[in-house]
Amino acid sequence: MPTLYLVATPIGNLGDITIRAIETLKSVDLIVCEDTRVFGKLAKTYQIEKRLLAMNDFNEQSRMQQVLLELTSGKNVALVSDAGTPLISDPGYKLVREAQALGIKVESIPGPSSVISALTVSGLPPDKFLFLGYLPKKENKRRESLANLKRIKDLASFTAVVFESPYRLLALLMDIKSIFGDIDIVICRELTKLHEEVRREKLSASCEHFSAVSPKGEFTILFQ
């Protein structure tokens, strides 16, 4: 039976890959990735020589049909993201749904996740958390999402986890401060990489820092 494997890859340090993930990537007929150049670094490190197909937010629909044809013809396919566990704020959900509808086996090869890594080093309670991915880009929609989150948090205790790009980080922090007040916040950057940074401080201190220092890298933000 053909199988679609969802293979988690390192979020930074290339050493953070499982033996099972390497074995799976070497065994399939096709590897679907967001960017062949990004995956190429991992492939070179572990001598993974397989046919690659790029599928991203811009070509997901057309490439999905191509992958489904591969699967229905009996080929085994691995899906990877640029970093971490596939589908988490990355393309792939539609492919999984369509593959399952066709009776194709879908199997997860677990591994690194920036959400879980950030939770464990944050110092915030990790037993209950709500992951929201990337909040809306438009300010009014973003503030509306945060206001809704505040109403939920007034009823239950959990750690909120969101992703943000360097371009909107400061705006997001200022929006959180205006709605939640000057709360404690944890900001993780470049986890597992050489310049890993975990900031634990008041929101006002974060806003002051990133007003003076231009943000670089991708950010995982946690707060209660």
Side-chain angles (χ1 to χ4, degrees), residues 1-120 129 131-134 137 161-165 188 190-193 217-220:
M1 175 185 294
T3 302
L4 172 63
Y5 295 97
L6 311 177
V7 183
T9 55
I11 60 175
N13 191 312
L14 293 183
D16 295 335
I17 189 168
T18 67
I19 294 173
R20 186 179 175 210
I22 295 172
E23 291 175 345
T24 300
L25 291 171
K26 288 185 175 182
S27 71
V28 296
D29 301 292
L30 173 68
I31 298 174
V32 180
C33 51
E34 288 184 82
D35 189 323
T36 57
R37 294 166 299 180
V38 173
F39 179 76
K41 298 176 183 177
L42 183 69
K44 183 177 180 181
T45 299
Y46 292 101
Q47 293 83 51
I48 299 168
E49 299 179 358
K50 291 293 177 177
R51 184 160 54 97
L52 304 180
L53 180 70
M55 186 178 77
N56 50 52
D57 289 328
F58 303 103
N59 65 6
E60 183 175 9
Q61 191 61 38
S62 61
R63 289 297 168 88
M64 180 177 70
Q65 297 306 318
Q66 186 175 345
V67 175
L68 291 172
L69 283 174
E70 297 272 355
L71 288 163
T72 53
S73 69
K75 302 291 180 60
N76 290 318
V77 177
L79 174 68
V80 300
S81 67
D82 280 349
T85 301
L87 278 68
I88 308 303
S89 292
D90 287 317
Y93 158 69
K94 294 177 182 177
L95 173 61
V96 169
R97 182 181 58 187
E98 293 300 319
Q100 290 171 334
L102 291 171
I104 294 166
K105 182 181 179 182
V106 179
E107 187 172 331
S108 173
I109 310 298
S113 166
S114 58
V115 176
I116 302 304
S117 295
L119 271 169
T120 55
F129 67 94
F131 173 59
L132 297 169
Y134 288 94
K137 295 179 181 179
V161 186
V162 299
F163 288 160
E164 192 52 275
S165 74
C188 301
E190 303 290 277
L191 286 174
T192 77
K193 297 182 181 180
E218 297 298 319
F219 293 84
T220 303

Please enumerate all residues that pass side-chain contact (heavy atoms from CB on, under 4.5 Å) together with Ser113, with sequence neighbours excluded.
Thr85, Val115, Ile116
Set out, in order, the CA-CA distance, both residues' side-chain angles and the distance that settles side-chain contact (heavy atoms from CB on, under 4.5 Å) for Leu102 and Thr72, then state yes or no.
CA-CA 8 Å; Leu102 291 171; Thr72 53; 4.0 Å; yes
Leu69, CG: over 12 other non-hydrogen atoms inside 6.0 angstrom
yes
At their closest point, which heavy atom of Ala8 faces which heavy atom of Gly111, and how far apart are they?
CB-N, 3.4 Å
Atom CG in Leu79, atom SG in Cys33: separation rounded to 0.5 Å?
9.0 Å
When you compare the side chain of Ile109 with that of Leu6, does any pair of heavy atoms fall below 4.5 Å?
no
When you measure from the side chain of Asn76 to the backbone N and O of Thr3, does any donor-acceptor pair fall under 3.5 Å?
yes
Restricting to non-hydrogen atoms, name the atom on Pro112 and the atom on Pro10 that form the minimum distance, rounded to 0.1 Å.
CG-CA, 3.9 Å
Below 4.5 Å, heavy atoms only, C-beta onward: do Phe129 and Leu119 meet side chain to side chain?
yes
Do the side chains of Leu95 and Leu4 get nearer than 4.5 Å, heavy atoms only?
yes
By the salt bridge (Lys or Arg N to Asp or Glu O under 4.0 Å) test, which pairs, at least two apart or in different chains, include something from residues 65-82?
Arg51-Glu70, Glu70-Lys75
side-chain contact (heavy atoms from CB on, under 4.5 Å) against Ser114, all qualifying residues, sequence neighbours excluded
Ile11, Phe163, Thr220
Ignoring hydrogens and angles, tell me if any N or O in the side chain of Asn56 forms a donor-acceptor pair with the backbone of Asn59 under 3.5 Å.
yes
Could you give the distance from CD (Gln66) to CE (Met55), rounded to the nearest 0.5 Å?
10.5 Å
Is there any side-chain hydrogen bond (donor to acceptor under 3.5 Å, both in side chains) pair reaching into residues 86-100, and which pairs are they, with sequence neighbours excluded?
Tyr93-Arg97
Within residues 33-49 or reaching into it, pairs that qualify as salt bridge (Lys or Arg N to Asp or Glu O under 4.0 Å) - sequence neighbours excluded
Asp35-Arg37
On a heavy-atom basis, the closest approach of Glu60 and Gly92 is OE2-N, 3.4 Å
Minimum heavy-atom separation for Gly84 to Ser81, with atom names?
O-OG, 3.4 Å
Mind checking what makes side-chain contact (heavy atoms from CB on, under 4.5 Å) contact with Ser165, not counting sequence neighbours?
Tyr167, Arg168, Glu218
Hits for salt bridge (charged side-chain N to carboxylate O under 4.0 Å, His left out) against Lys137, two or more places apart or cross-chain, chain-then-number order -> none
Between Val77 and Asp29, is the side-chain contact (heavy atoms from CB on, under 4.5 Å) condition met? List the steps.
CA-CA 6 Å; Val77 177; Asp29 301 292; over 6 Å; no
If I take atom OG from residue Ser108 and atom CG from residue Leu87, how far apart are they, to the nearest 0.5 angstrom?
9.5 Å
Which residues pass the side-chain contact (heavy atoms from CB on, under 4.5 Å) test with Gln65, not counting sequence neighbours?
Gln61, Leu68
How far apart are the C-alpha atoms of Val161 and Leu132, what are their side-chain angles, what is the distance that settles it, and do they pass the side-chain contact (heavy atoms from CB on, under 4.5 Å) test?
CA-CA 6 Å; Val161 186; Leu132 297 169; over 6 Å; no
For residues 5-20, the side-chain hydrogen bond (donor to acceptor under 3.5 Å, both in side chains) pairs (sequence neighbours left out) are Arg20-Glu107
Chi angles and distances behind the side-chain contact (heavy atoms from CB on, under 4.5 Å) call for Thr36, Phe39
CA-CA 5 Å; Thr36 57; Phe39 179 76; 5.9 Å; no
Looking at every non-hydrogen atom in both residues, tell me the closest pair between Lys50 and Leu25 and how far apart they are.
CG-O, 3.4 Å
